[in-house]
Amino acid sequence: MEVVEAVAIVAIAAIAAAAVVALAGVVAPTVRAVAREGAVRARAEERAELAAHVHDVVLQELALIQRRAEDPDQVRRLARHTERGLRAWLRGAARRGDDLVGALVAAVEDVEDRFAVQVELVTSGSCPLDRRTEAVVGAAQEALTNAAKHAGVRRMSLFAEASDVEVFVLVRDRGRGFDQAAGVGRDRHGVANSIVRRMQRHGGTALIRSEPDRGTEVELRIPLRVSVVR
């Protein structure tokens, strides 16, 4: 009887070992495929972020330099500003401060400096920066940039709130606005690329409301699962 039990145990062990080997043959390629897919997705996100940054900062700075070509002092100032910003971004330090409010303050100061406008900034709560909250800051800065370039006003506002569940940002101006029913003009393609799609890539949303001669509102939301600093 003991021999029979020993044989049964050996048989069960052999079957289990064979199952493990077979399962490994199935799981290992799947794990490798998932890892490859994750790497591809990460590279795609990095390329998208680089493209958004080039549009948001570098191309717009070059356009400003071209428009102010008759003012050498302004050209030199903008060139230095662009160089510093690009070098900082390449070093992974594009935003000053390590939390949401610090990054928004830096974004507001950047827009005010480049376009000679005033931004009223109001915040409630803050949170650490990560890829998602950095996306919110980038989208908010692009919304301010669009307002500075197209609204025809020198004042605009930005309200930001970090709650326990999400980050909410509202950028508002009372300028010329545009007809949403007619679609976004070619000079406003940053709305789709640098605001809406940027938020979507990171699991957030962007809602844009605008009417001719009544201004524009850009509402940004992204889920938040970290502790909030009050």
| Is there side-chain contact between Pro128 and Asp99, with heavy atoms separated by less than 4.5 Å? | no
| query | What closest approach, in Å, do Met199 and Ala135 show between heavy atoms, and which atom pair accounts for it? | reply | SD-O, 4.2 Å
| request: State, yes or no, whether a side-chain contact exists between Phe159 and Val169 at a heavy-atom distance under 4.5 Å. | output: no
| Just wondering, do Leu158 and Glu120 contact through their side chains at under 4.5 Å, heavy atoms? | no
| message | I'd like to know if the side chain of Arg132 and the backbone of Pro223 have a donor-acceptor N/O pair within less than 3.5 Å. | response | yes
| Least distance between heavy atoms, Gln141 atom then Val111 atom | CG-CG2, 3.9 Å
| Within 6.0 Å of CZ in Arg154, more than 12 heavy atoms from elsewhere | yes
| request: Among Leu170, Ile195, Val167, find the residue that satisfies the side-chain contact (heavy atoms from CB on, under 4.5 Å) test when tested with Leu220. | output: Ile195
| Exam field: side chain Ser210 to backbone Phe178, donor-acceptor pair closer than 3.5 Å | yes
| Full working for side-chain contact (heavy atoms from CB on, under 4.5 Å) between Leu144 and Val119 | CA-CA 8 Å; Leu144 288 173; Val119 180; 3.9 Å; yes
| task | Take Ile208 and Val196 through the side-chain contact (heavy atoms from CB on, under 4.5 Å) test and state the conclusion after the steps. | result | CA-CA 9 Å; Ile208 300 169; Val196 178; 4.1 Å; yes
| said: Looking at every heavy atom in both Arg198 and Ala139, which two are closest together, and how far apart are they? | reply: NH1-N, 3.4 Å
| said: Using 0.5 Å steps for rounding, measure from the NE2 atom of His202 to the CG atom of Asp130. | reply: 9.5 Å
| said: To the nearest 0.5 Å, what is the distance between CD on Glu211 and CD on Glu217? | reply: 9.5 Å
| request: May I ask you to decide if His150's main-chain N or O and Arg176's side chain share a donor-acceptor pair within less than 3.5 Å? | output: yes
| query | Hey, does the side chain of Thr216 reach the backbone of Asp173 with a donor-acceptor pair shorter than 3.5 angstrom? | reply | no
| said: Is the shortest side-chain heavy-atom distance between Val105 and Leu121 below 4.5 Å? | reply: yes
| message | Whether Glu219 and Arg221 form a salt bridge (side-chain N of Lys/Arg under 4.0 Å from carboxylate O of Asp/Glu) is what I want to check. | response | yes
| request: Would you indicate whether the side-chain heavy atoms of Met156 and Arg172 approach each other to under 4.5 Å? | output: no
| Are more than 12 heavy atoms from other residues, nucleotides or ligands located less than 6.0 Å from atom CZ of Arg155? | no
| task | List the atom of Thr133, the atom of Cys127, and the distance in Å for their closest heavy-atom pair. | result | CG2-SG, 3.8 Å
| query | How about Glu142 and Asn146: do any of their side-chain heavy atoms sit closer than 4.5 Å? | reply | yes
| said: On a heavy-atom basis, which atom in Ile222 and which in Gly204 lie closest, and how many Å separate them? | reply: CG1-CA, 3.8 Å
| message | Is there a continuous path of hydrophobic side-chain contacts, each under 4.5 Å between heavy atoms, that joins Phe168 to Val165? | response | no
| said: Rounded at 0.5 Å granularity, tell me how far CD in Glu112 sits from CD in Glu109. | reply: 7.0 Å
| field | Validation row: Phe115, Asp110 side chains within 4.5 angstrom (heavy atoms) | value | no
| Taking all non-hydrogen atoms of both residues, which atom of Ala140 and which atom of Val171 are closest, and how far apart? | O-CG2, 4.1 Å
